[in-house]
Amino acid sequence: MDAPKQPTTIMPTAKRKDDRLWGGRFEVAPDAQFDAFQRSFAFDRRLLPYEIAVDRAWAKALEPIGIFTAYEVQLTLAALDRVAKRAETDPEWLDNFGADAEDVHHFVEKALVEELGPLGWKLHTGRSRNELVATDFRMFVRDAVTRTQHGLARVAQALLAQAKTHFGVPMAGMTHMQHAQPILLSHFLLAQAESLMRDIPRLRGAAENADACPMGSGALAGNSFQIDREGIARDLGFSKVTANSLDAVGDRDFALDYLFALAGIAGHLSRMAEDYILFASQEFAYIQLSDEYSTGSSLMPQKKNPDSWELIRGKSGRFAAALIALLTTLKGLPTSYQRDLQEDKESLFAAHDQINTMLAVAAGAISTTSFDVERLRQAAANPTLLATEAADYLVRKGVPFRQAHDIVGKVLRAAEQSGTPWLELPMEALQQISPSFAADFAGTLNVASAVAAKKVSGGTAPESVRAAIGDLESRLLNSGAKP
Ligand code: ARG
């Protein structure tokens, strides 16, 4: 685009006494300690790419309403590009130049003024940091959701891969940490994957709540220049604009939703961690964790500790803390923007970083775990796991279930008293307890038939588990979460 015939109308104004965004009505500079206390650049610099994107959209929207000429838009966009590039490639500049920036919004304005002179001061026309920070943060959460969904999908994939590799291997299913009924190992692994699948729509909910653009809300009241809110929203990838300017600058529900989703994921990972820690213990010895995801003891040479899972389990507290912290900050805030809202970012950024690392570590630890198939089979072969099957056998012979339960209990007690494994009790002994026992009893009771009997959908029978694997794979594919 050609330079305009008329030079830009901006005249250098009287030299400002400092470059604060709000110094005009103040006589005395802020107390140094308070000044450091109120600054947020140290952490909100993370929003810089979003701030620049919003600035670009805003610069373009200032032209049709006559604030910027086309040439000024062009100059501003080019300067924003240079600022973005320099921030990416010159961390020292970011630190040094950012040292006197109050926040990321101030930083960009300072950088623009360096690049453009007084034209840099024009971009902030009709807008407020209150709407900027709300917009930047929504954009961050939107991208954060995508990254976290990614991480979830990778863990689910790792579980699916192990479930397929070990298809058909039985294990002792437990409730109350007591052996209960035989199940397939694949069924167990899919159970863990299911919990993570529920986290995907929760995260999506956070992204949906973040999907409205506050720009045009001003500090609280709206915009006096008829700025094209819908155009800006579209430009920034939002599907709509926020409905109320007061609400828009004070709303952080999308951040709460994200933190709640993370607390849920952390809880799920923590439960999985407990399973693997127990299974890696000498008592269970169902699994061997790979060296890559274990550590040793500084004292005991034989130790191989499941620290990857212990740390994942231990970190779950942070997520509850981040959620409670924001809930507490928001509670009791008057409608519209309050500076308390600056407290929304640090713990959310930290929670985001932690969860994504935890998901990557969990995926790696699962993929590299080796299962002791023999040991799992042995545990599944514990004959008491078939007690429920025996009761079901009697039910099929017409015995009411409660009575059948009682009969099998008596059989187990008789076996214990006589010191005989209960499946080896002679038929006469069984028939003394219940005449419904017949010759076909012994043949029906084994691990494979107990597992195969659970052929309802969602059950542990091989055909159900095979269907569940296919179903989970297609849900994962359609969930929008790409591994
Ligand atoms: N650093 C502030 C925050 O994170 C940006 C908005 C500041 N607004 C203000 N009126 N001081 O919330």
Side-chain angles (χ1 to χ4, degrees), residues 16 18-26 28-31 33-55 57-58 87 94 97-112 121 123-144 210 212-224 236 242 244-256 258-259 322 325-352:
R16 289 162 51 110
D18 69 16
D19 69 351
R20 282 175 201 283
L21 297 176
W22 42 266
R25 58 104 64 216
F26 286 79
V28 179
D31 168 80
Q33 193 170 41
F34 164 63
D35 197 31
F37 177 72
Q38 60 104 22
R39 283 166 188 263
S40 54
F41 186 68
F43 52 89
D44 68 15
R45 60 198 267 175
R46 194 160 178 171
L47 296 175
L48 188 62
Y50 304 107
E51 178 79 3
I52 301 259
V54 177
D55 284 343
W58 192 258
L94 194 62
F97 191 70
D100 3 285
E102 187 171 309
D103 54 26
V104 67
H105 324 290
H106 185 203
F107 174 84
V108 176
E109 185 171 302
K110 266 162 46 78
L112 271 186
W121 284 323
L123 181 64
H124 207 57
T125 307
R127 73 178 195 181
S128 157
R129 286 181 293 166
N130 300 352
E131 60 186 331
L132 277 172
V133 75
T135 307
D136 295 355
F137 202 32
R138 280 169 181 262
M139 291 169 77
F140 178 89
V141 167
R142 194 174 63 187
D143 286 353
C213 183
M215 292 312 293
S217 298
L220 76 163
N223 182 284
S224 320
L236 295 172
T242 50
N244 179 295
S245 58
L246 273 176
D247 178 55
V249 294
D251 168 27
R252 295 294 183 274
D253 286 353
F254 59 91
L256 274 183
Y258 181 62
L259 288 175
L326 186 56
L327 277 168
T328 311
T329 294
L330 295 177
K331 181 207 162 288
L333 283 193
T335 298
S336 131
Y337 180 82
Q338 322 297 331
R339 191 65 182 277
D340 316 44
L341 292 168
Q342 182 167 295
E343 286 299 303
D344 58 0
K345 284 174 276 299
E346 278 170 288
S347 53
L348 187 140
F349 290 155
H352 160 272

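We count ligands from 1, going down the list as the structure has it; atoms in each ligand are counted the same way.
For Asn244, the side-chain hydrogen bond (donor to acceptor under 3.5 Å, both in side chains) test picks out no residue, with sequence neighbours left out. The side-chain contact (heavy atoms from CB on, under 4.5 Å) search around Arg46 returns Phe140, Phe349, His352, Asp353, not counting sequence neighbours. Residues that satisfy the side-chain hydrogen bond (donor to acceptor under 3.5 Å, both in side chains) test with Asn130, not counting sequence neighbours, are absent from this structure.
Ion pairing of Arg252 with Asp340 is absent here, as no side-chain N (NZ or NE/NH1/NH2) approaches a carboxylate O to less than 4.0 Å. The existence of a salt bridge linking Asp136 and Lys345 is excluded, since no basic side-chain nitrogen approaches an acidic carboxylate oxygen closer than 4.0 Å.
Within 4.0 Å of ligand 1, contacts by protein heavy atoms are made from Ser40, Asp44, Asp103, His105, Arg129, Asn130, Val133, Tyr337, Arg339, Gln342, Lys345.
Screening Arg45, Arg39, Arg129 for a salt bridge (charged side-chain N to carboxylate O under 4.0 Å, His left out) with Glu102, the sole residue that qualifies is Arg129.
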